[in-house]
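Have a look at the structure below, then the notes.
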Amino acid sequence: MPVFWSRSPRYVGLIVLAIVGTLYLVGPFHGSEQPPSPSQDSHYRIPLVEDHDLPNRIARSDRIYDKLLLDRKELVKKFGPTPNDVALFPPDKEPWPAYTVWDFFPAAYNCPHEIRRLGALGDGGKWVCGISRVETKPDCIVYSFGINHESSFEAEILANTEHCEIWGYDFSVKSFGPEIPRSQAHRTHFRRYGLAGTDKHGPDDKDKMYTLESLMKLNSHTHIDILKIDIERWEFETLTALIKPYLTSKKPLPFGQLQLEIHIWDMSFAEYFEWWETLEAAGLRPFWTEPNLVYQNYNKKGTPDLAEYSFLNIQGNNIFIKDPKRRPSHEDEYGHGNIAGPTQ
């Protein structure tokens, strides 16, 4: 190279210029597009950039959901103007109001981790935010209400975690579904109990109903990582009774996320709107939803009044919104929900 350079410096210079020109043409500095200018209204401008810092991802998700709350107010004004004037599923007549109740409550909160469907692709599977967060968590607790002979969701939680134990409840069946492998049965616990807003016992002590708080006391639990509820409209009574004392005390709910099937039967929009805002006030944010169209198809009904929702609890120190606390010992352990203390 030194000999060639000394004899033909002009040719070498041309080669260098050609290489630089080629890089310019194909590189990121070429083109007529300019960086987007900031929006005049910064409240509506939400930066969507790669961020590997969990607190920043949570803060960004909060901003996105705040924008949704403003949009919902405007939608209520448009079709109301108050919640009492809005119909769940308005009839198809002129003037045609192109909406249903689900349009007011989209799953607008961004899960700050991976989202995975665990369980069957049909009825029975649920969408989970960050199953990796509890993959090796030593004290992982899962509650599942409503089994109905189908446990693919619970089976996949067992398959994707090392220590999660599952407490299942359903007074209409005698056990978990056949999907639970024998090799993992020791991590499951089943009782023929129902979930309700108050503790209730039927004649001869049959059809026992318990509140979530009572069941957690029976099991000596203070926190649940994943809570699944599918209890055929009892969710309204149950969650209303559960949430009320936590709102009064301003303490975080005792679970990290909630997979819930909602049954809007014999309700008004105003009733549902008030109940939903109670969930939001308690820190629950929906990150996934899908209507239950199987139910609609089999029952030949005109309205899809069942929908699956997945919520993240953004209050407290649960494992899905706070990084695990590093303890002084050589072993790293996950904190236990809102009793883990401050994180680092």
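Residue numbers run from 1 in the order of the sequence given.
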Checklist line | Derivation and outcome, salt bridge (Lys or Arg N to Asp or Glu O under 4.0 Å), residues D71 and K67 | finding: CA-CA 6 Å; D71 291 343; K67 168 63 165 55; 2.7 Å; yes
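- Each of E156, R187, R133 was compared with T161 under the side-chain hydrogen bond (donor to acceptor under 3.5 Å, both in side chains) criterion, and only R187 meets it.
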Margin query: Between E280 and R72, does the salt bridge (Lys or Arg N to Asp or Glu O under 4.0 Å) criterion hold? Intermediate values first, please.
Written below: CA-CA 13 Å; E280 291 175 327; R72 188 169 70 200; 2.8 Å; yes
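- For E162, the CD atom is densely surrounded, since the number of other residues' heavy atoms within 6.0 Å is greater than 12.
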Notebook entry, point to check: What do the steps show when you test Y210 against K208 for side-chain contact (heavy atoms from CB on, under 4.5 Å), and what is the final call?
Noted result: CA-CA 7 Å; Y210 289 96; K208 290 184 178 181; 3.6 Å; yes
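- Using a 4.5 Å heavy-atom cutoff, the side chains of I131 and L118 are in contact.
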Notebook entry, point to check: So I226 and F153, side-chain contact (heavy atoms from CB on, under 4.5 Å) or not? Walk me through it.
Noted result: CA-CA 11 Å; I226 298 174; F153 170 69; 4.2 Å; yes
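- At least one side-chain heavy atom of Y143 sits less than 4.5 Å from a side-chain heavy atom of M216.
- Counting all heavy atoms, side chain and backbone alike, P324 lies closest to I319 at CG-CD1, 3.8 Å.
- A salt bridge links D139 with K137: the closest approach of a Lys/Arg side-chain nitrogen to an acidic carboxylate oxygen falls below 4.0 angstrom.
- In this structure, H223 NE2 and N317 CG are separated by 9.5 Å, a value rounded to the nearest 0.5 Å.
- A side-chain donor-acceptor contact under 3.5 Å links H113 to the backbone of F320.
- Proximity of a side-chain donor or acceptor of S249 to a complementary backbone N or O of P245 within less than 3.5 Å is detected.
- Of the N and O atoms on the side chains of E179 and S152, not one donor lies less than 3.5 Å from an acceptor on the other residue.
- Once rounded to the nearest 0.5 Å, the distance linking CD1 of I229 with CG of L212 reads 6.5 Å.
- Residues V86 and F269 approach most closely at O-CB, 3.1 Å, considering heavy atoms.
- Between F311 and P286 the shortest heavy-atom distance is CD2-N, 3.6 Å.
- Side-chain atoms of R117 come within 3.5 Å of backbone N or O of L121 as a donor-acceptor pair.
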Notebook entry, point to check: Passes side-chain contact (heavy atoms from CB on, under 4.5 Å), T100 versus L88? Steps please.
Noted result: CA-CA 6 Å; T100 73; L88 290 176; over 6 Å; no
Note to self: salt bridge (Lys or Arg N to Asp or Glu O under 4.0 Å) for K200 and E237? Distances and angles first, verdict last.
What the structure shows: CA-CA 13 Å; K200 307 172 185 178; E237 174 189 321; 3.5 Å; yes
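- Proximity of F236 to I262: side-chain heavy atoms (C-beta onward) are separated by under 4.5 Å at one or more points.
- In this structure, the separation between CG on L239 and CG on L258 is 6.5 Å, given to the nearest 0.5 Å.
- Taking every heavy atom of both residues into account, S310 and Q259 meet most closely at OG-CG, 3.7 Å.
- The main-chain N or O of E135 is never found under 3.5 Å from a side-chain atom of N160 such that the two would form a donor-acceptor pair.
- For the residue pair W127 / E290, a side-chain donor-acceptor distance below 3.5 Å is found, with atom types taken as modelled.
- Screening residues 140-172 for disulfide (SG to SG under 2.5 Å), with sequence neighbours left out, gives C140-C164.
- With a 4.5 Å cut-off on side-chain heavy atoms, I58 and K322 do not count as touching.
- Judged purely by atom type and a 3.5 angstrom limit, D305 has no side-chain atom pairing as donor or acceptor with the backbone of W265.
- T188 places a side-chain N or O within 3.5 Å of a backbone atom of A185 that can act as its donor or acceptor partner.
- Side-chain contact between F176 and D170 is absent, with no heavy atoms from C-beta onward closer than 4.5 Å.
- At a threshold of 4.5 Å between non-hydrogen side-chain atoms, the residues L306 and E261 count as touching.
- Within a 6.0 Å radius of CD in E213, no more than 12 heavy atoms belonging to other residues, nucleotides or ligands are found.
- Taken from NE2 in H163 to CD1 in I141, the straight-line distance is 12.0 Å, to the nearest 0.5 Å.
- In this model, no donor atom of one side chain and acceptor atom of the other lie less than 3.5 Å apart for T289 and E308.
- Judged purely by atom type and a 3.5 angstrom limit, E271 uses its side chain to pair as donor or acceptor with the backbone of S268.
- Aromatic pair W276/F273: ring centres not closer than 6.0 Å.
- Judged by distance alone, the side chain of N110 and the main-chain N or O of S61 form no donor-acceptor pair under 3.5 Å.
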Notebook entry, point to check: After noting the C-alpha distance and the side-chain angles of E154 and S144, does the key distance pass the side chain to side chain donor-acceptor pair (under 3.5 Å) rule?
Noted result: CA-CA 8 Å; E154 294 80 7; S144 179; 2.5 Å; yes
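- Rounded to the nearest 0.5 angstrom, R285 CZ and L68 CG are separated by 10.0 Å.
- P112 approaches L54 most closely through the heavy-atom pair CB-CD1, 3.7 Å.
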Please tabulate, for side-chain N and O atoms in residues 189-197, each donor-acceptor pair with protein atoms closer than 3.5 Å (sequence neighbours left out).
residue: H189; atom: NE2; partner: E165; partner atom: OE1; Å: 2.7
residue: R192; atom: NE; partner: V173; partner atom: O; Å: 3.1
residue: R192; atom: NH2; partner: F171; partner atom: O; Å: 3.3

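- The two atoms that bring G177 and I147 nearest to each other are N-CG2, 3.9 Å, heavy atoms only.
- Residues V128 and Q257 have side chains in contact (heavy-atom distance under 4.5 Å, counting atoms from C-beta outward).
- The distance between the ring centers of F287 and Y109 does not fall below 6.0 angstrom.
- For H263 and W234, the distance between ring centers is not under 6.0 angstrom.
- Note: F105 and Y309 fail the aromatic proximity criterion, with ring centroids not under 6.0 Å apart.
- One finds the CG atom of N318 at 6.5 Å from the CG atom of L312 (value rounded to the nearest 0.5 Å).
- No side-chain donor-acceptor contact under 3.5 Å links R116 to the backbone of G130.
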Checklist line | Verdict with reasoning, N219 to W167, per side-chain contact (heavy atoms from CB on, under 4.5 Å) | finding: CA-CA 9 Å; N219 299 324; W167 274 257; 3.5 Å; yes
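- Taking 4.5 Å as the limit, some side-chain heavy atom of L279 sits within range of a side-chain heavy atom of I243.
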